[in-house]
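Residue numbers start from 1 in every chain, and the chains themselves are labelled A, B, ... in the order their sequence lines are given, proteins ahead of strands. Computed from a predicted model, the values in this text were never measured in an experiment.
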4 protein chains.
Amino acid sequence: MSRKPVIPGVDRRQQILDAALEIFAEQGFEAATNKAIAERAVVNQGLIYFYFASKADVYFATSAYYTEQVIAQLDAVFAQVHEASPAEGLAQLLRGIMLLLSTPPASHLLRIMYQVAGSRTPAGELSNAEERRAISGLARHLTQRFREYLEARISRKQFNALNPTLVSYMLTRTLIATVTMRGQGGMAQPDLNSLAETMAALYAYGFLPRSEQSHPE
Amino acid sequence: MSRKPVIPGVDRRQQILDAALEIFAEQGFEAATNKAIAERAVVNQGLIYFYFASKADVYFATSAYYTEQVIAQLDAVFAQVHEASPAEGLAQLLRGIMLLLSTPPASHLLRIMYQVAGSRTPAGELSNAEERRAISGLARHLTQRFREYLEARISRKQFNALNPTLVSYMLTRTLIATVTMRGQGGMAQPDLNSLAETMAALYAYGFLPRSEQSHPE
Amino acid sequence: MSRKPVIPGVDRRQQILDAALEIFAEQGFEAATNKAIAERAVVNQGLIYFYFASKADVYFATSAYYTEQVIAQLDAVFAQVHEASPAEGLAQLLRGIMLLLSTPPASHLLRIMYQVAGSRTPAGELSNAEERRAISGLARHLTQRFREYLEARISRKQFNALNPTLVSYMLTRTLIATVTMRGQGGMAQPDLNSLAETMAALYAYGFLPRSEQSHPE
Amino acid sequence: MSRKPVIPGVDRRQQILDAALEIFAEQGFEAATNKAIAERAVVNQGLIYFYFASKADVYFATSAYYTEQVIAQLDAVFAQVHEASPAEGLAQLLRGIMLLLSTPPASHLLRIMYQVAGSRTPAGELSNAEERRAISGLARHLTQRFREYLEARISRKQFNALNPTLVSYMLTRTLIATVTMRGQGGMAQPDLNSLAETMAALYAYGFLPRSEQSHPE
DNA sequence: TATGAATGAGGGTTCATTCAT
DNA sequence: TATGAATGAACCCTCATTCAT
């Protein structure tokens, strides 16, 4: 009966995107229902179709929107790495990224991306086909940043000459997975900072001891 | 009308498990339908409910069954590591695990586990509640094996004294993620052997050059 | 936000009627959407409810409006029949009516009337209840004109004394149906003029040869 | 809760077809709901999709099924025409066809066909694409029978040499329309037998009196 | 007058699950 | 054991209609 008053300054489309990020992260694309999204957004279910062409379209729009946000945050983390020492810089970088990726919205985004990534891409009408390819943009972007980071240090002889393409690929997967899968498998979920420290140490010096005299840590 | 004769040696329950592994891996738990599973198993849809209590139960049973299989394969890989040298042993181990995990049934199993892992655990009646916790068993087992591996080498001073709990946790996530997410993100999917080589080199020696003067931190 | 300025000479109500005639003719009452009508009329969807009480009301108004137009055209056709000879006059009349009825807006009107006629009359609020009964006015009017036409000729002994009520009824149905259903049934759609000629010949002389001795009834 | 017992000898698919014929005839394709069809058929709504691929498929299947039935009845009518005299035979034929077409299932079938014919063909998955073209089969068949009937009489000089293609086309439309639209337009609906008599008289002898001098064509 | 946004009811369709045989 | 048929609860989506501006 009563029409919800249009509250100025409240963007219903944005409300829907916010709700969708959460619901998709919690339930996955298939299990998430428009009803749940609409309720979380405190919005009429039909309104979703005023702003989006389909459920899949909501998914893609949500992914694209938050991918952009998280990429910007990621760039900020890379920009802040100070070059005190390569070892310290690496530790700082890993810590920063892990913290970022384990906090919403990035953590939600990773969840919704990697649930779907495993299965088929959602089908459905889209209002903006561009967004479809934006989805994998986060991993691609992170890999790219890692490669630049590695190449810079390798060329300065600060890092060993490992294949930067493969290593950046690996680092990306490792970070995303470590963060996304944290707390699964029934084990105590490890502290993020300890994890970052340990990763940094491992990546800096490796498993093998440095000749008799060199003793890391 | 006609009762399908029991063909000796053909285990319908197993057919269902096999089909379910594939279908769940292809489509995810929610998108997969009993119809699709029954068709793939060349079995009547109703028969599923003779052997299993619910769709979720099929899921858990499938996970538990193949987890057991893959764990056995994994143990074999660990058992084969020969101790020529720590570096070579590590490379061999990583190669073996990655190959195993990227081949069915392990690859299917990882897919169905990590799609669901992101979202809620499927709800539904179970015929065997034990199986629910068996699901994360693969990661737990792999982590455990890694820890033993690391601890053995650390105690022999072959490896640096990094926290074995955290490192084994990390290695598990890294391997699973690298294999599961391979080829996503629109990048060329890297060759598995190169990846294993590079990982081994990185994990063995780290980024920092072993020059005489290097003094970490 | 911006109020569309009232362009003088552009009657929005008329635009809606015009669009509705087309859309209803193309899709039928149920399948036609207000959205489609509004778009065709280049008008906001909500505006429909400023001029009309409901979708059904648009339907009735459209029918009533165009019925009036077509009736006027029909009267003109009847008025033009010159009485060279009864046979020629009949042919001319049929040709004229068929041409009229097979051209928009009459063809559209017939379509929208006979789609709905078959099913229930659309329900809904009306802004002008009179219009409801105006709908079938076209057929009624045509029948009436035919009856007058027949009665005049019968009284002058130019036509056989067939029951004018039944015959005019039949002629009306035949013409409307011939025109409305033309090209359906997967057959080549016959040329309108040939059809009119043949109809005229049949109606004038009948099937039975006029041999000297044949005396019906 | 309770499953409806399977009554042997009652074909649910047939129940659905029967219900669909009625509902489609009453409401038209678009306005008819699966719910209404299911209720009329005393069947669960979901069961429709066990036997048919879509609502459109129900429509086509219904059309095809009853078209076949009615065609058989029509053939029987043509077969029964006794050749007492051409005039009497014609009257008998028209009476028979009109009676048949104005009685269910033929009357329902005509309604559902000519409602849809005016608008777009229903879209949707079909279980049997053949049926799509079967829809217009009734009119085509009737036209064909009329043509044979006319050609036979024309070749025997019993009928005037009017173009049999056009005339059979016209007769088909006339009969279908007269029957389908009967009672519309707010007029008293004429008695079927009188109508048939009058039609037969008109078609036999035409409007123009058989005065000595009149020479057709 | 005119508009864009919002609402809610319902429609077609899917699907896990159950039942009679 | 095994099957085909049947059920009912959602789900996604559409659309006539309404309201604030």
**Q** Judged by modelled atom types alone, do Asp18(B) and Tyr66(B) share a side-chain donor-acceptor pair under 3.5 Å?
**A**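 Indeed, the side chains of Asp18(B) and Tyr66(B) share at least one donor-acceptor pair under 3.5 Å.
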**Q** Is it the case that over 12 heavy atoms from other parts of the model lie below 6.0 angstrom from the CD atom of Gln14(A)?
**A**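 Yes, enclosed.
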**Q** So if I take every side-chain heavy atom of Leu47(B) and compare against dA6(E), dT17(E), dT1(F), which nucleotide ends up nearest?
**A**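 The answer is dT1(F).
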**Q** Quick check for you: among dT17(E), dT18(F), dG11(E), whose closest atom lies nearest to any side-chain atom of Tyr49(C)?
**A**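 Per side-chain heavy atoms of Tyr49(C), the pick is dT18(F).
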**Q** Of all the choices, dT17(F), dA2(F), dG12(E), which nucleotide is nearest to the side chain of Asn34(C) once you look at every atom?
**A**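 For the Asn34(C) side chain, the nearest candidate turns out to be dT17(F).
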**Q** Does dA6(E) have OP1 or OP2 under 4.0 Å away from a side-chain N or O of Asn44(A)?
**A**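 Result: no.
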**Q** Less than 4.0 angstrom from a charged side-chain N to a carboxylate O is my criterion; do Glu26(C) and Arg40(C) meet it?
**A**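 A salt bridge links Glu26(C) with Arg40(C).
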**Q** Lys35(A) side chain: which of dT7(E), dC15(F), dC11(F) is closest?
**A**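 Looking only at side-chain atoms, Lys35(A) lies closest to dC11(F).
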**Q** Here's a test of your reading of the structure: between Tyr51(B) and Gly46(C), which maps to the more 5' nucleotide of DNA chain F?
**A**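 That would be Tyr51(B).
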**Q** Who are the side chain to side chain donor-acceptor pair (under 3.5 Å) partners of Ser127(D), not counting sequence neighbours?
**A**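 Once residues adjacent in sequence are excluded, the partners of Ser127(D) under the side chain to side chain donor-acceptor pair (under 3.5 Å) criterion are Asp57(D).
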**Q** Could you check Phe52(B), Tyr65(B), Phe24(B) and say which one makes a ring pair (Phe, Tyr, Trp, His ring centres under 6.0 Å) with Tyr59(B)?
**A**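 Testing Tyr59(B) for a ring pair (Phe, Tyr, Trp, His ring centres under 6.0 Å) against Phe52(B), Tyr65(B), Phe24(B) leaves exactly one candidate, Phe24(B).
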**Q** Among dT1(F), dT17(E), dG12(E), which nucleotide sits nearest the side chain of Gln45(D)?
**A**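 Nearest listed nucleotide: dG12(E).
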**Q** Measuring from atom CD of Glu22(D) to atom CG of Leu17(D), what distance do you get when rounded to the nearest 0.5 angstrom?
**A**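 Going from CD on Glu22(D) over to CG on Leu17(D), the span is 12.0 Å.
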**Q** Output the single nucleotide from dT3(E), dG12(E), dA5(F) whose closest atom is nearest the side chain of Lys55(D).
**A**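 Among dT3(E), dG12(E), dA5(F), the one nearest the side chain of Lys55(D) is dG12(E).
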**Q** Go nucleotide by nucleotide along DNA chain E from the 5' end; which of Ala56(B) and Ala53(D) gets its closest nucleotide reached first?
**A**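 Closest to the 5' end, via its nearest nucleotide, is Ala53(D).
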**Q** Quick one: label Ala32(B) by what it contacts on the DNA or RNA (base, sugar-phosphate, nothing), any heavy atom closer than 4.0 Å.
**A**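 It contacts sugar-phosphate atoms only.
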**Q** Once pairs are restricted to Watson-Crick or G-U wobble with both distances under 3.5 Å, how does DNA chain F read as a dot-bracket string, [ ] for crossings and | for other-strand pairs?
**A** .||||||||||||||||||||
**Q** Using heavy-atom distances to pick each residue's nearest nucleotide on DNA chain E, tell me which of Glu125(B) and Ala31(B) is more 5'.
**A**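 Its nucleotide being nearer the 5' end, the pick is Ala31(B).
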